[in-house]
Each structure stands twice: as C-alpha cells, then as structure tokens.
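Notes follow the structure.
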Protein chains: 2
Amino acid sequence: MQDIADLAGVSIATVSRVLNQPEKVKPETRRKVQRILEQTNFVANAVARGLVVNSMKTIGILTVDVRDLYFSKVIYTLERQFTEYGYNVLLSNTGGEVGEKKKYLRVMLEKQVDGLILVGSVFKEPTGNKHILEAGHSIPVVLINSYLEGENIYSVVCDDAHGVKQAVNYLVAQGRKDIYYFTDTKSASGLAKVDGFVAAMREHGLNERNIIEVSRNLDGGVKGVQQLLAEKRKVSAVICGEDITAIGAMKALTASGLKIPGDVGVIGYNNSILAETASPALTSVDNLAAAMARQAVELLVNRLQGKEVSRKIVLSPTLVIREST
Amino acid sequence: MQDIADLAGVSIATVSRVLNQPEKVKPETRRKVQRILEQTNFVANAVARGLVVNSMKTIGILTVDVRDLYFSKVIYTLERQFTEYGYNVLLSNTGGEVGEKKKYLRVMLEKQVDGLILVGSVFKEPTGNKHILEAGHSIPVVLINSYLEGENIYSVVCDDAHGVKQAVNYLVAQGRKDIYYFTDTKSASGLAKVDGFVAAMREHGLNERNIIEVSRNLDGGVKGVQQLLAEKRKVSAVICGEDITAIGAMKALTASGLKIPGDVGVIGYNNSILAETASPALTSVDNLAAAMARQAVELLVNRLQGKEVSRKIVLSPTLVIREST
DNA sequence: CTATCTAATGTAAGCGTTTACAAAATTGTT
DNA sequence: AACAATTTTGTAAACGCTTACATTAGATAG
C-alpha cells in the first residue's frame, strides 16, 4: 500500500481511504489512486485489515458431513447468503466425532471467525456440547436443528414432531392403520420425530409402539422391512426418518411382492433428490433446508450488527405428496 | 499473550515459543506457561500470526454448487485431507457464473489463502478463465477435472473419454448395437466424454452420431428418451453423462413399457448415491471423487512445501456394474 | 577459577493495515 | 485580505503476534 501511495504521490492513509471510504477523499485524487490500484493489480491484505478491525468477515460452519444431501443443501444456502452479506465461510466435517468438533472449534476461534453455525453437530451426550457453550463466550453461535441453552447460543429448528404428525395424519386419512416408523437413534432431531409419531398414533388410537430402530442408510430400510415381514406383521404404511431409509424400505417391499402405494404406503423425510428420483417417487416431509439456512444467516448477521434477535426460531415442515402414497 | 507472560513471569517471546516450538524452552518454564495457558483458556490469534508468518494455513475451494452429489463428495475429501495437513478450507459456490467466480477469487486472494482448488469451475469460454491464470501469479491453484496451461496451475483429471469407452465396450460385449449417448453441453469434461463415445463407437463400427443433447437433470433424461421414441429409433442402450439423467431415462423407458435391462441397458456417470438407490440399480462409471480429491491435496501440499510436483495427474475411472445392464 | 561454549530467555523490530488526531488546503464570509 | 469553518490529507500509534539478535544463565573444560 505504501508503494501505491508513493506512485500516486499521496500518503498511505489516503490509499486506505479510497479503498474503504472513497467518499472521504477528493474525487480527483481518488481517481488517480484508483487508476494506480488497477494498473498495479493491487490486492489488499485482508489479514492485516482483520487484525486492525478485529473481524475477518468469516463464519465457521461445523457440519457432520457435507456429503449428506440435507446438510449440503443447508450449507449451500448458508454460503450463498453469507457472501451476500460480505462474509465467507470456513467449512469443516466433524464426522460426528466430539474430538474433531472440539479441534475444529478451537482453530476456528483462533482464526477469529465472527460467528459459528453448527449444522447437525450437536449430540445427545452433554459432554460433547461443552465446547459449543464455551465458544459462545467469545462469539455468537447458531445451531441448526438443535437446541441448547447458553450465552450467545441461538437456534433455528424445524418442528420435526409436527412433520411426522402430518405424515401419520395423511396416511390415516387414506385409511391406513398399521403404520410403522423407522427411526435412527443417533441424532437429537431423531427424538423429536419419534415423539411426533407417538403423539399422532395415540391421537388416532393406533399402536404407538410400532417403532423400529434401523441404521440411517439404504440397508436400514431393507432390514426394517425384512424384520416386519419375518415377524408376520400386518403393515399398511411405513414412515422413515430419512429418505434413504425409505428407499431401502421400498426396495424390500417391492422385492417381497408388495405393491406401493397399493399394499403399503411409504413416506420419507427431508424431501431430498432421492425422493424425486425414486420410482415410485417418494412422498416425503420437507424440512426446509434452504429456509432454515436463510433464517440462520439472518439471525447471525443481525446479531453481529448488534441488533436484538430471538433465541429460537421454529419452522414448520410440509408434506410433499408423490406416488408412494 | 503479554498477560500470559506476566502471569508466568516470563517474556512474551517465551510464551510464543511454548506455543510454537516447545522444545526450545526449558521443560520447567514450559510447564509453568502451559499451566497458565490452560487456566486462562488462552486462544492464540491466528490472524496476527498469519500476518507475521505470511500464511493463514487456509485453502480456498471454488465450486459450482456443493449440492451436486459429485462435487460434495470431492469437497468432503478435500476438507478432511486438508485438515489432516493442518489447513482449513474456505468454501464458495459460484453457481457457474464467471462474475461470481471472479469475485470469490478476489476475496480469497485478499484473505491470503495459501492455495486454491477449483472443482468444476473452469468453463469453456476462455475469458472466464483469465482470473484463474492471474491467481496463479500469486499462489498455486489446482484444477479438478479441468486442464489449463499456466504458471502455477496444476490439474488432476479423470480420463472421462476412457470411462465412456468402457461403458460402450461393456454394452457391445452384451451384444447391444444401438447405443445412444446423452450429453449435457456445458462443462469442459462433457466434451471428453463425447469424444470417448465417438471413438469407441467408431472402433466397433457403430453409429458414432447417436448423440442427444439433454439438460443435466431428471427431465433431461426423460426428454431424451421421448425424443428417441418419437423418432421411432431402435435403441438397445443409453449411456448418460450424469446419473441423474440416466434415472430420468429409466423412468421414461419404463413408462413406455420397455424393460431394463432386457430391452434396453442404461449406464450413468459418477456412480453417485442415485445409482445405488435406483431401481433397477444403475450401472455407472465411477469417476473416483475421493481419489481425485486426495491427489489434489497431495499435489497442493507438496507444492506448498516447495517440492517438485507434476503439472497433471490423470486417474482412470472404473465401470461399476449393477442391475440396469 | 577462568575461559569457552551452549542453552534459555529477553528486547525490539516488523508483518500490512486502519484510524485518531494533527496539519494543511480549500471554501465561504465579511 | 483576513478569518473561521470545512474539507482533505498526512503522521504515527496501534492490532497481536513471530523472530533475528542480544543477553544472560548454565555447563564443560583446562
């Protein structure tokens, strides 16, 4: 910058001003400096700037795994929106491991991120969340699809219980009664869904214990169905906590000669691309990845600007009906 | 850090040393300082450090869209591998727009990234690549699945022509002759695939002009098949440049009463989760997302350590055979 | 015990900016 | 033309670290 200043015959302060507050410098000198900036292809050093102004205009994103269809949707919108507001994002994949999460949190704090967004990185074991709360002592953090009480901790969540309820209601309205729910047990949001299922089944006077624990993948769905059939259960519908599980379930159902949606209806969760491409196309609960991300960004940016923001934002999912029901 | 130094009764330089080169400080004082670091929850400022050592230990990743199944696989591995080497990644989604790409490149340079990785962000119009070459003047950049000639520009690519050839060969070996290729025209790697198709068909003495331009989505595949059927063409196989297109093609084929793989075989590209979950499960060319990413990281890290590295690395895709053929 | 060498620590300059504050230039008023 | 008010520019001190170099402490040898 000193070189630019010399070339333009001004002081370094003036160069800094044309870069940051051009209106404060006389149009004539401003143009002169700008011309030189162009000619020399000058690129300002944001690190030095960050040191002075105490902000790197960067947000840290902690996620379990970007390859997850839902997470990648969320992260996409997060990134786009943040750059809209002049922030960049530092991305990490914790793989769901507390140790990794801790390490990432540390280096993100060291790298002076202005805020943190956790997408699917809050775990049930409370010990794993200690570091999140600690991070809150220095910068705001917003959780997507989780809730935690603490200084500087904000949440935007999807009412998953309600989502599953809608699915149950819809199936019941179709006259189906033997409805099963395939859950994976790991995540915090998984619990809310189960709650929704139990509540809805109870309301309709149906068996609220029709819950099968499966792993969160294709095979989980297959195994779940096989278990049901092996036990000679009557089943007229299955709701899955994940689209991929639902696809597996459909595979297994079809393989055993059952017709979808004729014999059994299937509903997934997340409304991912898998739901669209499945055949029959899968009815699925849309938990609004993009909308959640947008709210999170809005929340964090407002917070960073010192505005008053609410501790928790809840969005309601919608049921997207396709061929599988 | 000065506070820590005062508390420990040492100089600020000593504190810096226990942080960065612990072996250089006497075990006794080292422990004393470390204890205080712990007690006070000290977090070093990596921005200040970065300013001095002239490296933020950060890599910029430019991608078109993280939601893309292939890209997200690549990005996942990139991120994991880079943190293995002590780097973090700054992520961006250009949406395939040259303007966005230019803006991102700029701020990444300003933020002093140590290197750049472009995944699927090199376009055919040469004007759009000017800024990549410019970036190469200050830091190393590695392209995934693209090739560009220039200072500091490296590539790791997948031999897509060979990938499509394998697909053709396999179909021909099954006795299929009326093989069509569905291409999307936008990307640079799309061209290589078409070349591979043309070459392979020619080798087998088949019609190398069986190429249909379709959009890169479900509907593209549907439309492509509809066009073929409307033209009363005989078709015994279709290869698609993308899994999603192949899924669309299968939908349309099944809808018109054709059996897969009996009447027509279908092959996709990328071996994404869509291929696994499709029914029938889709045969697909695996272009090795993880392997490519690993090579890219290796390349860039070596380059940053001043080692000699090769300008271009080529990996060979493999054909993953499933039910659709 | 002194001289020499090595290990451990400290001092201070510098990394590339921003920004109070001071100084100089310009404008407007009388 | 002199002065005040205002705009524009410059000077220099931070920002929180690292590191070359200087200094001191400790070890080894004669």
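Being a predicted model, the structure only gives us computed values, none of them experimental. Order of the sequence lines sets the chain letters (A, B, ...), proteins ahead of strands, with each chain counted from 1. The figures here come from the full heavy-atom set of this structure, side chains too, leaving out hydrogens, waters and symmetry mates.
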Can you tell me which nucleotide in [options] comes closest to the side chain of [X]?
| X | options | result |
| --- | --- | --- |
| B:Val52 | C:dT19, D:dT18, D:dT19 | D:dT18 |
| B:Met1 | D:dG10, C:dG10, D:dT18 | D:dT18 |
| A:Ala48 | C:dG16, D:dG10, D:dG16 | C:dG16 |
| B:Lys26 | D:dC17, C:dT9, D:dT11 | C:dT9 |
| A:Leu51 | C:dT17, C:dT9, D:dG16 | D:dG16 |

Evaluate the criterion salt bridge (Lys or Arg N to Asp or Glu O under 4.0 Å) for residue pair A:Arg294 and A:Glu298; output intermediate values, then yes/no. CA-CA 6 Å; A:Arg294 255 190 296 269; A:Glu298 207 76 19; over 6 Å; no

Below 4.0 angstrom from OP1 or OP2 of C:dA8, is there any side-chain N or O of B:Thr29?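 Checking B:Thr29 against C:dA8: no side-chain N or O falls below 4.0 Å of OP1 or OP2.
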
In whole Å, what is the span from the [atom1] atom of [X] to the [atom2] atom of [N]?
| X | N | atom1 | atom2 | result |
| --- | --- | --- | --- | --- |
| B:Gln2 | D:dA14 | CD | P | 14 Å |
| B:Arg17 | C:dA7 | CZ | P | 14 Å |
| B:Lys24 | C:dA7 | NZ | P | 10 Å |
| A:Asp3 | C:dC15 | CG | C1' | 14 Å |
| A:Met56 | C:dT18 | CE | C1' | 15 Å |
| A:Ile4 | C:dT18 | CD1 | P | 13 Å |
| A:Leu109 | D:dG16 | CG | C1' | 16 Å |
| A:Gln21 | C:dA20 | CD | P | 9 Å |

Heavy-atom side-chain proximity of B:Val141 to B:Ile117 below 4.5 angstrom: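 Answer no - side chains too far apart.
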
For the residue pair A:Ile132 and A:Leu105, what are the closest heavy atoms and their distance?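 Closest approach of A:Ile132 to A:Leu105: N-CD1, 4.0 Å.
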
Can you name the closest pair of heavy atoms from B:Lys111 and B:Met56 and give their distance?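 Taking every non-hydrogen atom into account, O-CG, 4.1 Å.
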
Let me know which of B:Val297, B:Leu300, B:Ile59 forms a side chain to side chain contact (heavy atoms under 4.5 Å, CB included) with B:Tyr85.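 In the set B:Val297, B:Leu300, B:Ile59, the residue that makes a side chain to side chain contact (heavy atoms under 4.5 Å, CB included) with B:Tyr85 is B:Val297.
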
Report which part of the nucleic acid [X] touches: base, sugar-phosphate, or nothing (heavy-atom distance under 4.0 Å, all strands).
| X | result |
| --- | --- |
| A:Asn20 | sugar-phosphate |
| A:Val10 | sugar-phosphate |
| A:Ser16 | base |

By nearest heavy atom, map B:Arg30 and A:Ile12 onto DNA chain C; which one lands nearer the 5' end?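 With B:Arg30 and A:Ile12 compared, the 5'-side residue is B:Arg30.
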
More 5' along DNA chain D: A:Val25 or B:Ala46, using each one's nearest nucleotide?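 Its nearest nucleotide being more 5', the pick is A:Val25.
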
